[in-house]
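These notes are about the structure you will find just below.
Predicted model only: the values in this text are computed from it and were never measured.
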Amino acid sequence: MTKLFTTLFALAVSFVTVSAHSQDIKGDVKAGEGKIAMCIGCHGIKGYQASFPEVYKVPMISGQSAKYIQAALNAYKKGERKHPTMRGIADTLNEQDIADVAAYYSQHGVADSAAAASKTVKTPSPAVAALLGKANCVSCHGADFSKPIDPSYPKLGGQHADYLFVALKAYKTENNPKVGRGNAIMAGMAKQYTNTELKQLANYLSSVEGDLKTVPQSKFR
């Protein structure tokens, strides 16, 4: 286990170094507001479902960290994440576009400090606690899975369970041109679990209060 975490840490350092340039571009919230036309049709509708590779609610991205959104879009652009629709969208964005869109969604519908302080801790069952400890999920995703130790890691608390399940399974998928995620760190973690266990993790993470939400655009209100 120690060897696994040492290897994964080295890969994490390499990833951060390679992606540092693109993630350091300063995003502009106002500019980002004018660049989200391709985003709002899915991420701006509460309960909107994708149908590939299976039916699931598209992720909530309002309130997610800017650096994570940048990292995710760049992963689609590079083909490290293989979802065809998201790859097509990411391919149309340059680095400044990505930074602007990320800046916009990072502050979109953010809860005020009073609301954040009122959140209660969701205690996992012993079985789920054991699963979380197996890959030490909190060591990267932070308290309540909403305070990642690195801003390029996602907030997970309160995210849709069905999306989390599909995303976690994607890290286990290999040699598929249209499905899968190429992050070696998460692949090493996800492959420790059966799909049934991943669904248990996804259900728990979804039940934790977090910062993420879907904020309908004015045309969808």
Ile149, Leu212: one ILVMFWY side-chain cluster at the under-4.5 Å cut-off? no
Side chains of Thr173 and Lys82: closer than 4.5 Å at any heavy-atom pair? no
Between His141 and Pro154, the two heavy atoms sitting closest are ND1-O, 3.0 Å
Taking every non-hydrogen atom, the tightest pair across Gln70 and Ala102: CG-CB, 3.6 Å
To the nearest 0.5 Å, what is the distance between OG on Ser207 and NZ on Lys122? 4.5 Å
Contact between Leu164 and Asp162 at the side-chain level, heavy atoms closer than 4.5 Å - yes or no? no
Nearest-0.5 Å distance, CG of residue Asn183 to OH of residue Tyr171: 5.5 Å
Flag if over 12 foreign heavy atoms under 6.0 Å of NZ, Lys199: no
Carefully, step by step, assess Val58 and Gln49 under the rule side-chain contact (heavy atoms from CB on, under 4.5 Å). CA-CA 6 Å; Val58 300; Gln49 293 181 312; over 6 Å; no
Are His83 and Phe52 an aromatic pair, judged by ring center distance below 6.0 Å? yes
Would a distance-only check, ignoring hydrogens and angles, find a side-chain to backbone donor-acceptor pair under 3.5 Å from Tyr56 to Ala167? no
Do you know which two heavy atoms are closest between Val128 and Leu201, and how far apart they sit? O-CD2, 4.5 Å
Do the charged groups of Glu95 and Lys77 touch, with an N to O distance under 4.0 Å? no
Side-chain heavy-atom pair Asn195, Phe165 within 4.5 angstrom cut-off: yes
Supply the atom-to-atom distance Leu205 CG to Leu168 CG, rounded to the nearest 0.5 angstrom. 7.5 Å
Just how far is it from atom CG of Asp150 to atom OH of Tyr68, taken to the nearest 0.5 Å? 12.5 Å
Do NZ/NE/NH1/NH2 and the carboxylate oxygens of Arg87 and Glu80 come within less than 4.0 Å? no
Please name the pair of heavy atoms, one in Ala202 and one in Ala161, separated by the smallest distance, quoted to 0.1 Å. CB-O, 3.4 Å
Might you point out which heavy atoms bring Val179 and Pro53 nearest each other, and give the distance in Å? CG2-CB, 3.9 Å
Distance (rounded to the nearest 0.5 Å) between Ser62 OG and Tyr104 OH: 7.0 Å
Closest heavy-atom contact between Gln192 and Ala135? NE2-CB, 3.8 Å
Is the shortest heavy-atom distance from the side chain of Pro148 to the side chain of Lys155 under 4.5 Å? yes
Apply the test side chain to side chain donor-acceptor pair (under 3.5 Å) to residues Asp100 and Gln96: give CA-CA distance (whole Å), side-chain angles for both, the deciding distance (0.1 Å), then the verdict. CA-CA 6 Å; Asp100 293 341; Gln96 186 62 61; 2.9 Å; yes
Honestly curious: do Ile98 and Ile40 fall in one hydrophobic cluster under the side-chain, below-4.5 Å linking rule? yes
Determine, stepwise, if the pair Asp91 / Leu93 fulfils side-chain contact (heavy atoms from CB on, under 4.5 Å). CA-CA 6 Å; Asp91 279 344; Leu93 305 174; over 6 Å; no
Ile36 reachable from Tyr76 in the ILVMFWY side-chain graph, under 4.5 Å edges: yes
Atom NZ of Lys172: over 12 foreign heavy atoms under 6.0 Å: yes
Using side-chain heavy atoms (C-beta onward) and a distance below 4.5 Å, is His160 in contact with Ser206? no
Is Leu156 close to Ser146 at the side-chain level, that is, under 4.5 Å between some pair of heavy atoms? no
If we only count heavy atoms from C-beta on, is the Lys134 to Glu197 side-chain gap below 4.5 Å? yes
Ser106 side chain reached by Gln64 side chain, heavy atoms, under 4.5 Å: no
Are any side-chain N or O atoms of Ser65 and backbone N or O atoms of Pro151, one a donor and one an acceptor, separated by less than 3.5 Å? yes
Using the ring of each side chain (for Trp, its six-membered ring), is Tyr204 parallel, tilted or perpendicular to Phe145, with breaks at 30° and 60°? perpendicular
Just how far is it from atom CE of Met60 to atom OH of Tyr105, taken to the nearest 0.5 Å? 14.0 Å
